[in-house]
Amino acid sequence: MSDDDAAMVRITGRVQGVGFRAWTREEANQLGLTGWVRNEPDGSVLALLSGSPAGISQMLERFRHGPPGASVSGVERQPAALAEKPVGFRITR
């Protein structure tokens with residue numbers, strides 16, 4: 001796990017009600033990332049990403065465009081310290 005990185009990412013814009021969470025799970029799985037994604041009460045989407053730095057960078061770039069129907073206005077990354085690596089990638093509430 002020493003080569004792995006983790007990031008907490010908040011995505012803003014029109015990102016709820018457009019399949020953003022399911023799209024995120026599919027993209028993360030393609031990139032070999034683990035973690036979770038959820039809708040926030042303020043209308044944003046929050047995601048925890050864990051995996052290779054290159055995979056996280058690619059996911060951040062994908063977040064900037066989002067799925068069809070989304071209109072992303074911001075992608076904010078913050079470091080995340082993990083006690084243990086998440087297993088799989090899930091949608092949470």
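Keep in mind that the numbers below use all heavy atoms, side chains included, and drop hydrogens, waters and symmetry copies.
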Strictly by side-chain hydrogen bond (donor to acceptor under 3.5 Å, both in side chains), give each pair with a member in residues 12-22 just once, sequence neighbours left out. Thr12-Ser73

Keeping to residues at least two apart or across chains, list the salt bridge (charged side-chain N to carboxylate O under 4.0 Å, His left out) pairs with something in residues 44-55. none

Rounded to the nearest 0.5 Å, the CG atom of Asn39 sits from the OG atom of Ser44 at a distance of 8.0 Å

May I ask you to test the Val45-Val37 pair for a side-chain heavy-atom distance under 4.5 Å? yes

To the nearest 0.5 Å, what is the distance between OG1 on Thr24 and CD1 on Ile11? 6.0 Å

Can you pull out every salt bridge (charged side-chain N to carboxylate O under 4.0 Å, His left out) where at least one residue sits in residues 44-56? Sequence neighbours excluded, please. none

Nearest heavy-atom approach of Ala6 to Leu82 is CB-CD1, 3.6 Å

May I have all residue pairs that pass salt bridge (charged side-chain N to carboxylate O under 4.0 Å, His left out) and include part of residues 47-60, sequence neighbours excluded? none

Is Met8 reachable from Leu31 through a run of hydrophobic residues whose side-chain heavy atoms are each under 4.5 Å from the next? no

Can you give me every donor-acceptor pair (side chain of residues 86-93, partner residue at least two apart or in another chain, under 3.5 Å) with its distance?
none

Which atom pairs, one a donor and one an acceptor, fall under 3.5 Å between side chains of residues 55-63 and the rest of the protein, sequence neighbours left out?
from, atom 1, to, atom 2, distance (Å)
Ser57, OG, Pro53, O, 3.1
Arg62, NH1, Glu27, OE1, 2.7

Where do Arg77 and Asp5 land on the salt bridge (Lys or Arg N to Asp or Glu O under 4.0 Å) test, with the steps shown first? CA-CA 12 Å; Arg77 175 188 180 163; Asp5 198 1; 3.0 Å; yes

By side chain to side chain donor-acceptor pair (under 3.5 Å), which residues pair with Thr34, not counting sequence neighbours? none

Test: salt bridge (charged side-chain N to carboxylate O under 4.0 Å, His left out). Region: residues 66-75. Which pairs qualify, not counting sequence neighbours? none

Applying ring-ring contact (aromatic ring centres under 6.0 Å, His included), name anything that partners Trp23, two or more places apart in sequence or on another chain. Phe20

Hydrophobic clustering (ILVMFWY, side-chain heavy atoms < 4.5 Å, transitive) - are Val9 and Val15 grouped together? yes

For Val72 versus Val75, what's the shortest heavy-atom pair and its separation? CG1-CG2, 3.8 Å

